[in-house]
Student: 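Sharing a structure below in structure tokens format, with a few things to ask.
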Amino acid sequence: MSLSTAPLPTVTATHPMNAVIASLEPIYFQAAPAVSRIRTTIDGDWTKQLPVLAGRRLTMRELLPSDAGSLLSMLSAAEVAKFISPPPTTLQGFEKFVRWTIGERQAGRQFTFGIVPEGCDHAVGIVQVRAIGPQFSVAEWGFALGSAYWGSGLFVTGARMTLDFAFECASVHRVEARAAVENARGNGVLRKLGAVQEGRLRSSLLKDGCYLDQFMWSLVANDWMRSKAIWGGVVA
């Protein structure tokens with residue numbers, strides 16, 4: 001699954017990476033224009049250390065160099081890359097990507113969580129949130145998840161955990177996402193999360209030599225609090 005944010009870094013620039021259940025756009029691989037509630041293992045400034053978010057079926061944590069191999073395998077598959085910018089094609093490329101995400105987090109420009117299913121010790125996907133407004137008030141996010149885990153519920157759970165962290169710990173006010181019009185599953189997930197479809201961006205995504213239209217979705221802090229009141233704030 002993938003959600004699009006934008007291209008992955010060659011690690012010379014400043015952007016995020018993408019992938020959602022079926023695929024959501026913006027994710028950059030390089031610089032670019034049994035717990036009912038989330039628990040964090042640390043408190044304080046996330047630019048100094050990204051907390052570990054523990055859920056009943058997965059853990060969200062900062063990427064590690066040891067994740068490079070699994071990310072290469074999971075995110076290079078054609079079905080995952082369909083709606084995202086091209087990911088690195090080598091182990092070394094993903095190792096550089098991991099280092100880049102850590103540097104960007106330390107600079108306060110973005111944070112990237114690795115999605116680690118229960119029983120695994122490596123990430124099988126990522127969730128990336130990057131600032132596009134002053135003081136991280138407005139952010140753009142994207143996802144990428146290995147197809148072996150599509151339909152498992154990991155994406156919705158990880159998305160909720162990430163949004164909770166963004167709104168409650170990182171003081172984000174508005175989160176934006178773009179999804180290709182053809183990406184029915186990705187758009188469906190955004191709707192399920194309570195996102196509002198704001199419009200259609202014509203020819204906004206260049207993929208394999210063709211320009212695709214995207215839907216623009218948003219969630220603001222008040223929306224999120226209302227949504228949590230409906231589903232009880234339970235991350236499962």
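Values reported hereafter were calculated over all heavy atoms of this structure, with side chains retained and with hydrogens, waters and symmetry mates removed.
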Student: Quick check: closest heavy atoms across Trp141 and Ala177, and the distance to 0.1 Å?
Tutor: NE1-CB, 3.1 Å

Student: May I ask you to list the residues sharing a hydrophobic cluster with Val220, side-chain cutoff 4.5 Å, ordered by chain and number?
Tutor: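 Grouped by the 4.5 Å side-chain rule, Val220 forms a cluster of one, so the answer is none.
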
Student: Any side-chain heavy atom of Phe94 within less than 4.5 Å of one from Leu75?
Tutor: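 Touching, per the 4.5 Å side-chain cut-off.
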
Student: Rounded to the nearest 0.5 Å, what separates atom CH2 in Trp224 from atom CG in Leu163?
Tutor: 4.5 Å

Student: Are the side chains of Phe97 and Ile126 in contact, using a 4.5 Å heavy-atom criterion?
Tutor: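 Side chain of Ile126 against side chain of Phe97, heavy atoms only: contact under 4.5 Å found.
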
Student: What's the shortest heavy-atom distance between Ala139 and Val129, and which atoms?
Tutor: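 For Ala139 versus Val129, the nearest heavy atoms are CB-CG1, 3.6 Å.
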
Student: Between Leu206 and Val181, is there a shared hydrophobic cluster once you connect ILVMFWY residues whose side-chain heavy atoms come closer than 4.5 Å?
Tutor: no

Student: side-chain contact (heavy atoms from CB on, under 4.5 Å) with Ala123: which residues, sequence neighbours excluded?
Tutor: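 Only Leu63, Asp67, Leu71, Val116 meet the side-chain contact (heavy atoms from CB on, under 4.5 Å) criterion with Ala123.
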
Student: With sequence neighbours excluded, tell me which residues meet salt bridge (charged side-chain N to carboxylate O under 4.0 Å, His left out) with Glu118.
Tutor: none

Student: Taking the side chain as C-beta and beyond, is there a heavy-atom pair between Glu140 and Gln110 under 4.5 Å?
Tutor: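 With C-beta onward as the side chain, the pair stays apart.
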
Student: Using the test side-chain contact (heavy atoms from CB on, under 4.5 Å), find all partners of Ala77 that sit at least two apart in sequence or belong to another chain.
Tutor: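 Partners of Ala77 by the side-chain contact (heavy atoms from CB on, under 4.5 Å) criterion, ordered by chain and then number, come out as Glu79, Val80.
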
Student: Who are the salt bridge (charged side-chain N to carboxylate O under 4.0 Å, His left out) partners of Arg191, not counting sequence neighbours?
Tutor: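 Salt bridge (charged side-chain N to carboxylate O under 4.0 Å, His left out) check on Arg191 returns nothing, list empty.
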
Student: Would Ser204 and Arg178 count as having a side-chain donor-acceptor pair, cut-off 3.5 Å?
Tutor: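 Short answer, no.
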
Student: Which residue pairs satisfy the salt bridge (charged side-chain N to carboxylate O under 4.0 Å, His left out) criterion with at least one member in residues 200-209, sequence neighbours excluded?
Tutor: Arg200-Asp213

Student: Would you say Val156 ends up clustered with Val196 if hydrophobic residues are merged whenever their side chains have heavy atoms under 4.5 Å apart, either directly or through other cluster members?
Tutor: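 In one cluster: no.
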
Student: Under 4.5 Å side-chain heavy-atom separation, chaining through any Ile, Leu, Val, Met, Phe, Trp or Tyr, what else clusters with Leu64? Say none if it is isolated.
Tutor: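 Once heavy-atom contacts under 4.5 Å are chained together, Leu64 still belongs with nothing else.
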
Student: Who are the side-chain contact (heavy atoms from CB on, under 4.5 Å) partners of Glu62, not counting sequence neighbours?
Tutor: Leu50, Ile102, Arg105

Student: From Gln106 CD over to Thr101 OG1, what is the distance, rounded to the nearest 0.5 angstrom?
Tutor: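 So the gap between those two atoms works out to 9.5 Å.
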
Student: Taking Arg57 for the side chain and Ser152 for the main chain, is one N or O donor matched with an acceptor at less than 3.5 Å?
Tutor: yes

Student: Before you tell me yes or no, could you show the steps for Lys228 and Asp164 under side chain to side chain contact (heavy atoms under 4.5 Å, CB included), namely the whole-Å CA-CA distance, both residues' side-chain angles and the distance that decides it to 0.1 Å?
Tutor: CA-CA 9 Å; Lys228 284 185 66 175; Asp164 220 37; 2.9 Å; yes

Student: Between Pro88 and Ser76, which heavy-atom pair has the shortest distance, and what is it?
Tutor: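 Shortest heavy-atom separation between Pro88 and Ser76 comes out as O-OG, 3.8 Å.
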
Student: Side chains of Arg160 and Leu193, heavy atoms from C-beta outward: is any pair under 4.5 Å?
Tutor: yes

Student: If you take all heavy atoms of Cys120 and Tyr149, which pair is closest and at what distance?
Tutor: SG-OH, 3.9 Å

Student: So which pairs with a foot in residues 119-139 pass ring pair (Phe, Tyr, Trp, His ring centres under 6.0 Å), sequence neighbours left out?
Tutor: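 Residue pairs passing ring pair (Phe, Tyr, Trp, His ring centres under 6.0 Å), neighbours aside: Trp46-Phe136, Phe111-Phe136.
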
Student: Working to the nearest 0.5 angstrom, can you tell me the gap between Gln197 CD and Asn187 CG?
Tutor: 6.5 Å

Student: Mind checking who shares a hydrophobic cluster with Leu201, ILVMFWY linked at side-chain heavy-atom distances under 4.5 Å?
Tutor: Met216

Student: Please identify each residue that fulfils side-chain contact (heavy atoms from CB on, under 4.5 Å) with Met60, with sequence neighbours left out.
Tutor: Leu53, Leu58, Phe113, Ile115, Val127, Met161, Thr162

Student: Excluding sequence neighbours, so at least two apart, what forms salt bridge (charged side-chain N to carboxylate O under 4.0 Å, His left out) with Glu198?
Tutor: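 Counting only residues at least two positions away or on another chain, Glu198 forms a salt bridge (charged side-chain N to carboxylate O under 4.0 Å, His left out) with Arg174.
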
